[in-house]
Every structure is written in structure tokens, then in C-alpha cells.
Amino acid sequence: MSQNSQTPRGEMVKIMLNGAEVQADPYWSLLEVIQFYGIDIPTLCHDEGLTPYGVCRLCVVEIGSGDKTKLVASCMHPVWEGLEVRTHSNRVIKTRKTILELLIARCPSSKKLQDMAALLELKEVRFEPLNDDCILCGLCVRMCEEQMVAKAIGFAGRGTDRYITTPFDMNSEECRKCGACMYICPVCELRCQGPQADTVLCSGCINTEPVCAPDYGDAMCFMVPCLSCVKGPEDVK
Amino acid sequence: MTANESKLDSIIDEYNAEPGSLISILQDIQAEYNYLPEESLEYVAKRLDIPRVQVFGVATFFKAFSLKPKGRQQIHVCMGTACHVRGSKKVLEELERKLEIKAGDTTPDGEFTLETVNCVGACALGPVVVENEEYHGEMTPIKVESLLNSK
Ligand code: SF4
Ligand code: SF4
Ligand code: FES
Ligand code: FES
């Protein structure tokens, strides 16, 4: 994604990724490199099939060394020779959690955000819940424009009044009702309506989840009750 | 007042129907009609061959554009920090009372539009009220009457 005019296509650069020297293609985004090496970092507004947009900031990583470090959104950041990257430094983890807190405060009903909170072990949300139904990630807009080539929806307004809409807020004749925008929306899918359905952070799974859950998300083991496998606190993630 | 196509054509042709000149085109339409009639936006989208939602997005992004008809006299009350501490809120309330509209609205006779802005860059004169680009400094609720009658 990143265009590095000095390096001809096919030539690799060396970067330091979490302390290990690895090769990277300077035409890739930093996020693509990180994912290529199998490091899992959360992303939200990014989708492989769409132009990077860089608005959710969840893909934050720290670059640089010494006292010259900074946080960048990896999905929009280029790679260059000698770049130093840390994907899980304390600063990154703290920032990532704060960003997620803000997003959840905006849309506590999103399953995707709640799942992410469980994985990042978010314990609290310090912000007033807005209970909105859109986090303005722009995925639907890009999906509609780039994959469906319909350009039926877009942003209107600005600042705190920004919202997603059809032209003139009316039924859009460009829309072909394909549903792709809803398919890709991270907020349209509602979280589980379990015992704590109206709290800001459900985190039901964070406290009782046995170590196996993140790896076998869809499977249920046969031990009854669940958690029988947990012998001591060291087994609980 | 609705947009007429030959008028719009002449505005659009001035910019060679360049999609990159969308903002300038909308500015000219706004200057012509005092607002952006919906048909004019539809027409601009068609002529520039860009998605309607893009035109709508730009038209709603800038405060200088309005999709609703505006009054012949546009009154902007500064609510910036300096004007606020000097009592611009009282001035605004007085204007709302006199005109019988809320900030952001236009009087039914189409004469006045009342709006708030955040700092017009004349803090030393605060509270400032701008009436059709004319600055009135050190406003008080009492001066509102004469401001409204001045035209
Ligand atoms: S359903 Fe309509 S708005 Fe949504 S992606 Fe399809 S064409 Fe676009
Ligand atoms: S509607 Fe959904 S996909 Fe579209 S911007 Fe909002 S949260 Fe993102
Ligand atoms: S995934 Fe990079 S900013 Fe959203
Ligand atoms: S605050 Fe009113 S002019 Fe600056």
C-alpha cells in the first residue's frame, strides 16, 4: 500500500518488529507486515478488500526508539528500512484499551466491540455511554462505493454531527438493496442478550472464560459444567 | 425561489464542470439563491458526474452552506469565549425573543436568519453581532432593538 519510490518493486527492507529483525515489502502497509508475521493486533475500520481509512485507531502501534517514539495507526503507515515497531508495548496496550473504551461507550450494543473487549481484557469503561448505532468507521461507505460500485451512501455533516446517510436523507435510488453495508458494519450485529444485556461492558466471558475459549471460539467442549478444566487461578486467562 | 437550469449551467460552465471545483460551484449557487436548493444539488451532481451523496456530503459539511432558505438579513451572534463572558448569551436571548425564533432558524416572513458562531476574531469588541457581514461590537440586549430596525 505504501509507495516507496526509492525502492524498486520486489526489493525488501529490514525492519525491527518487536525486537526481531524481519524483512518487509516497502509497498505494504505496516499492518500488512505485522499480520504477515502472524502478530495479532485488533483492527476495526480495516478490511482487506477496501481502501485503508485510518479512523478507528485501534490498529495503533509504537514506532521509533529511545525518547523518539510515537504512536501511529499501522493500517495507514508505510514501512521503511530500519523502522522499529512495537505492537504490544505498555503504551500501546494502554492506548488500545482507551480507544476501545471510547468506541464501546459510543456503541455498547455492538457484538464486535464487546468481543474485542473480552479479548483485550477490558475491565471498565470510564466514559458516559452514548448508545449510538454507528461509530463512523466508514466501512459501509467504502463497501458500497468500492465493492458494490453503487455510491448510495456517504457521510454528511461534520464533527459531532457527522452521520451516515443517503443523499438528502431520502430513500436512495442508487441503492440496490444488496445488504453489503449491513454485512460489513461492526455495529449492526448485536451483542449477546445474556444476563447483563444492558450494561455498558458485558464482559461476562472475560471473568468466567476458560483458557480454551479464545482459541476455540465456536466449539463447546464436553466437560460439564464449563470451567471444570480450570484448576487454579493460573488457568484462568 | 427555485433553481433554474440555465443559471446553474452558467455557474457550472464557469468552472468547466470540474468535479474539483465542487465547493466553488456550491458557493456561487449559495450566493445566488441564499441557500442550496435541492434540485440545484441534484443538477450539479448530474453535470459534474459525481455521486449525489458526495454533493450532499460537501453541502452539509460546511457551515457556509445551507440547505434551507435563509433570511434576507443574516444575524450571527458570537458565542466565543470572550463574547460569552461579556454576556453574549443575553444578547442572543433578546434576539430570540424579539424575532420569535430560535438560533438556527429563519423568521416565517423570510426576513431574518439567526445563527450563532464561535469567535469572529474581534474579541476586544465583544459581545459581537454580525449582521450581513457588518460588525456590531459591544452589543447589549438594549441595543438589539435598534439593530433590528436599522434596515
Ligand atoms: S444495500 Fe445499498 S447502501 Fe448498502 S452497500 Fe448495497 S447498494 Fe450500498
Ligand atoms: S453504519 Fe456501521 S459500517 Fe457504517 S460507519 Fe457506522 S459503524 Fe461503520
Ligand atoms: S484499523 Fe487502522 S485505524 Fe482502523
Ligand atoms: S469570542 Fe466573539 S469575537 Fe472572539
Side-chain angles (χ1 to χ4, degrees), chain A residues 45 47 49-56 76 106 130 132-188, chain B residues 1-3 5 8 12 17 19-20 22-23 25-27 29-30 33 35-70 76 78-81 102-105 113-120:
Chain A
C45 69
D47 187 275
L50 304 174
T51 322
Y53 197 47
V55 284
C56 75
M76 297 284 279
R106 191 174 169 110
L130 261 184
D132 208 318
D133 52 11
C134 173
I135 52 169
L136 301 172
C137 67
L139 278 170
C140 54
V141 176
R142 281 173 287 153
M143 185 65 149
C144 185
E145 177 172 349
E146 296 171 17
Q147 295 291 345
M148 301 307 146
V149 205
K151 301 182 184 167
I153 48 176
F155 288 100
R158 78 167 151 180
T160 49
D161 296 328
R162 206 157 192 244
Y163 67 105
I164 299 281
T165 188
T166 50
F168 310 103
D169 300 328
M170 288 192 289
N171 247 340
S172 154
E173 46 205 71
E174 291 91 339
C175 173
R176 40 179 98 109
K177 319 262 181 311
C178 65
C181 49
M182 278 156 81
Y183 165 78
I184 203 157
C185 175
V187 174
C188 278
Chain B
M1 202 192 299
T2 48
E5 292 196 355
L8 292 175
I12 294 168
L22 176 59
I23 295 177
I25 292 172
L26 295 187
Q27 271 174 329
I29 298 175
Q30 168 93 29
Y33 297 100
Y35 80 112
L36 299 174
E38 192 177 312
E39 319 84 81
S40 73
L41 297 182
E42 299 268 1
Y43 192 69
V44 168
K46 203 164 86 194
R47 282 282 327 264
L48 304 193
D49 197 18
I50 53 179
R52 292 191 305 148
V53 73
Q54 184 182 338
V55 180
F56 184 66
V58 171
T60 53
F61 185 88
F62 294 102
K63 251 200 146 158
F65 296 138
S66 167
L67 297 183
K68 284 190 287 178
K70 289 228 174 166
H76 297 265
C78 179
M79 293 306 229
T81 317
K102 289 270 159 233
D105 293 341
T113 295
L114 183 61
E115 257 165 318
T116 60
V117 286
N118 296 319
C119 194
V120 292

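A note on names: the letters A, B, ... follow the listed sequences, proteins ahead of strands, and every chain is numbered from 1. What's counted below: heavy atoms across the whole structure, side chains too, no hydrogens, waters or symmetry copies.
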Item to check | Between B/Leu41, B/Thr60, B/Val53, B/Leu67, the one whose heavy-atom pairs under 4.5 Å with chain A are most numerous | outcome: B/Val53

Checklist outcome for this item: In terms of heavy-atom contacts, B/Thr116 and B/Ala103 come closest through CG2-CB, 4.0 Å

Next on the checklist: Within the 3.5 Å criterion, strictly below it, is a donor on A/Tyr163 or A/Asp169 matched to an acceptor on the partner's side chain?
Outcome noted: yes

Item to check | Nearest heavy atoms of A/Arg106 and A/Leu136, plus distance in Å | outcome: NH2-CD1, 4.0 Å

Item to check | Engaged part of B/Glu42 at the chain A interface, taking heavy atoms whose separation is under 4.5 Å | outcome: both

Checklist entry - Got a salt bridge between B/Glu115 and B/Lys63, using NZ or NE/NH1/NH2 to carboxylate O under 4.0 Å? => result no

Next on the checklist: What part of A/Phe168 gets within 4.5 angstrom of chain B, counting heavy atoms only: side chain, backbone, both, or neither?
Outcome noted: both

Checklist outcome for this item: Bottom line for A/Asp161: the part with an atom under 4.5 Å from chain B's heavy atoms is neither

